[in-house]
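To keep things clear, I will list the structure first and then write my remarks on it.
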Amino acid sequence: MKFKRVLVTGGAGFIGSNYVHYALEQHPDWEIVVLDKLTYAGNLENLEPLKPHIEFVQGDIANSEDVHKAMRGVDAVLNFAAESHVDRSLLGPLPFVKTNVEGTLVLLEEARKVGVKRFLQVSTDEVYGDLHGLEHHSLEADPFRPRSPYSASKAAAEHMVFAHGISFGLDVVLTRGSNTYGPYQYPEKIIPLFITNALGDKPLPLYGDGSAVRDYMHARDHASGIDTVLHAGKSGEAYNLGAREQIPGTEVAQRILEALGKPRSLIQFVTDRPGHDYRYSVNPSKAEQLGWERKYPFPEGLAETLEWYLENQGWWRRVRGKREHQDLMQSWYVGR
Ligand code: NAD
Ligand code: TYD
């Protein structure tokens, strides 16, 4: 499948901006429109070097006028825009439903009207729920068992996407990516939070006993997986994207401290996250059969990411200096 003009929602966020960087390298002839509300997680600095090559529309995916404006003449939509942080969904779930569910529906409705060739929904392995105590790696046909307001909203959005494929014949594909890390990640998810805390000699708060495992995948691998599914995925199908890694939180913390030459005493075990999912793991064979392969094993990907945060201290210090970041640190971590 070929495209000329592509709408990337949430393109000023972490994975969206990594995708825009990747897409402009792979498809230099593309016209890329980015629609982003610029919430606390959106940052135009993430797209700074690419500004002359993209059209940016500031707007809300849940607002049909904004969406109408951004989708004009577009032949593919990639929906990255979301409220994406589990802890924030525990503090206040409503924006998760508004953006992740209602926003996805508004995009789908406009995509039908415009007659886009393909709609790609960026989803998550968290829709499968907790695999704690099992050897299993989630397969695309597995049932959904979301357990946090975040994953519940992403699962609801997926159902709406499938429904538009089935009921209205919209060409839809979905990706279910695993935990992602890399450049431009807002310092609230574990890896950028721990790197930037360690650089400031602040404690690394591990929930519970730190044994929960995630399948950490580099953002560039996630971007190439999404691009593969956009071009080669079968209409109406979902594809797992993961790195075949199983890394406990304790290992994340230890590797970061070791690489930065910081003491292990910075690790602090804190009260567990309510409803904490202790294991996610996907089987990405179906995406691999389309020709996708992940390039970054965790140690190499983490080393490259550490380098990026060391070289871009202005970026994360500005982000951490903002009220939205300080509010989260205060309301979620103080007294934990
Ligand atoms: P992020 O929080 O870094 O970025 C989200 C972006 O969406 C921001 O630029 C924000 O301004 C924008 N946005 C939020 N609400 C919006 C709205 N109503 N209208 C327009 N723009 C809006 O998120 P991320 O980590 O880059 O995640 C991107 C996508 O990938 C999400 O759909 C997420 O569910 C999914 N995902 C993330 C991970 C991960 O580990 N981060 C893993 C798998 C899937
Ligand atoms: P996170 O990066 O929030 O991603 P998600 O919950 O969406 O998978 O968390 C990844 C893992 O790290 C998860 O097991 C929770 C744990 N974690 C901590 O131990 N401390 C922290 O401060 C954070 C943010 C996460």
Side-chain angles (χ1 to χ4, degrees), residues 13-15 39-41 82-104 123-134 136 138 142-159 176-181 185-197 202-217 242 245-254 256 266-282 320 323-336:
F14 163 50
I15 305 174
T39 67
Y40 78 93
E83 288 294 336
S84 68
H85 193 41
V86 172
D87 294 332
R88 286 185 194 263
S89 82
L90 298 168
L91 286 165
L94 210 54
F96 287 72
V97 173
K98 183 82 189 165
T99 289
N100 300 2
V101 187
E102 205 177 316
T104 301
S123 190
T124 165
D125 63 356
E126 302 193 21
V127 296
Y128 297 120
D130 194 1
L131 301 181
H132 186 49
L134 304 172
H136 184 62
S138 298
D142 285 356
F144 283 10
R145 291 200 177 87
R147 291 163 26 97
S148 73
Y150 163 68
S151 52
S153 71
K154 293 295 289 186
E158 279 212 28
H159 287 305
R176 295 187 189 134
S178 63
N179 285 65
T180 305
Y181 65 95
Q185 188 169 25
Y186 188 90
E188 62 184 356
K189 309 287 195 302
I190 187 171
I191 290 181
L193 178 72
F194 280 15
I195 293 174
T196 57
N197 276 11
K202 295 195 171 86
L204 275 48
L206 274 172
Y207 299 159
D209 61 3
S211 66
V213 299
R214 296 290 186 266
D215 175 5
Y216 291 102
M217 169 167 63
E245 302 277 5
Q246 291 283 272
I247 316 278
T250 44
E251 183 180 335
V252 172
Q254 281 160 17
I256 289 171
L266 282 179
I267 294 179
Q268 213 170 69
F269 291 95
V270 301
T271 308
D272 210 349
R273 169 190 280 170
H276 195 172
D277 288 343
Y278 266 69
R279 178 172 172 261
Y280 299 134
S281 176
V282 290
R320 287 192 64 130
R323 189 180 44 78
E324 293 101 324
H325 194 272
Q326 287 162 1
D327 284 353
L328 180 70
M329 293 301 108
Q330 182 70 28
S331 56
W332 189 250
Y333 290 102
V334 170
R336 217 181 160 84

- Enclosure of R145 CZ (heavy-atom neighbours >12, cutoff 6.0 Å): no

- Item | Distance, nearest 0.5 Å, that separates OG1 of T196 from NZ of K202 | 8.0 Å

- So do the side chains of E188 and D87 get within less than 4.5 Å of each other, counting heavy atoms only? no

- If you look at every heavy atom in S281 and H136, which pair is closest and at what distance? CB-O, 4.2 Å

- Task: May I ask you to test the I190-Y181 pair for a side-chain heavy-atom distance under 4.5 Å?
- Result: no

- Task: Answer with yes or no whether the side chains of Q268 and R336 bring together a donor and an acceptor at under 3.5 Å.
- Result: no

- ring-ring contact (aromatic ring centres under 6.0 Å, His included) partner of H325, chosen from W332, Y186, Y40: Y186

- Can you name the closest pair of heavy atoms from D277 and A212 and give their distance? O-CB, 4.0 Å

- Note on the structure: Here the pair of heavy atoms bringing H276 nearest to D272 is ND1-OD1, 2.7 Å

- Do R176 and V282 touch side chain to side chain, with heavy atoms closer than 4.5 Å? no

- Can you find a heavy atom in the side chain of T104 that is under 4.5 Å from one in the side chain of H159? no

- What closest approach, in Å, do R320 and P187 show between heavy atoms, and which atom pair accounts for it? CG-CG, 3.7 Å

- Item | Close side-chain approach of D215 and Q246, heavy atoms under 4.5 Å | yes

- Please examine the side chains of H85 and L328, heavy atoms only from C-beta on, and report whether any two atoms are closer than 4.5 Å. yes

- Report the residues that fulfil side-chain hydrogen bond (donor to acceptor under 3.5 Å, both in side chains) with K98, sequence neighbours left out, ordered by chain and then residue number. E102

- Message: I want to check something: taking the side chain as every heavy atom from C-beta on, are E83 and T39 in contact at a cut-off of under 4.5 Å?
- Response: yes

- Query: If you count the non-hydrogen atoms of other residues, nucleotides and ligands that lie under 6.0 Å from CG in L91, is the total more than 12?
  - Reply: yes

- With a 4.5 Å limit on heavy-atom distance, are the side chains of D209 and Y278 in contact? yes

- For Y333, side-chain hydrogen bond (donor to acceptor under 3.5 Å, both in side chains) partners two or more places apart: Y207

- Message: If you compare all heavy atoms of S138 against all heavy atoms of L131, which two are closest, and at what distance to 0.1 Å?
- Response: OG-CD1, 3.4 Å

- Task: Would you kindly say whether K189 and S84 are connected by a side-chain donor-acceptor distance under 3.5 Å?
- Result: yes

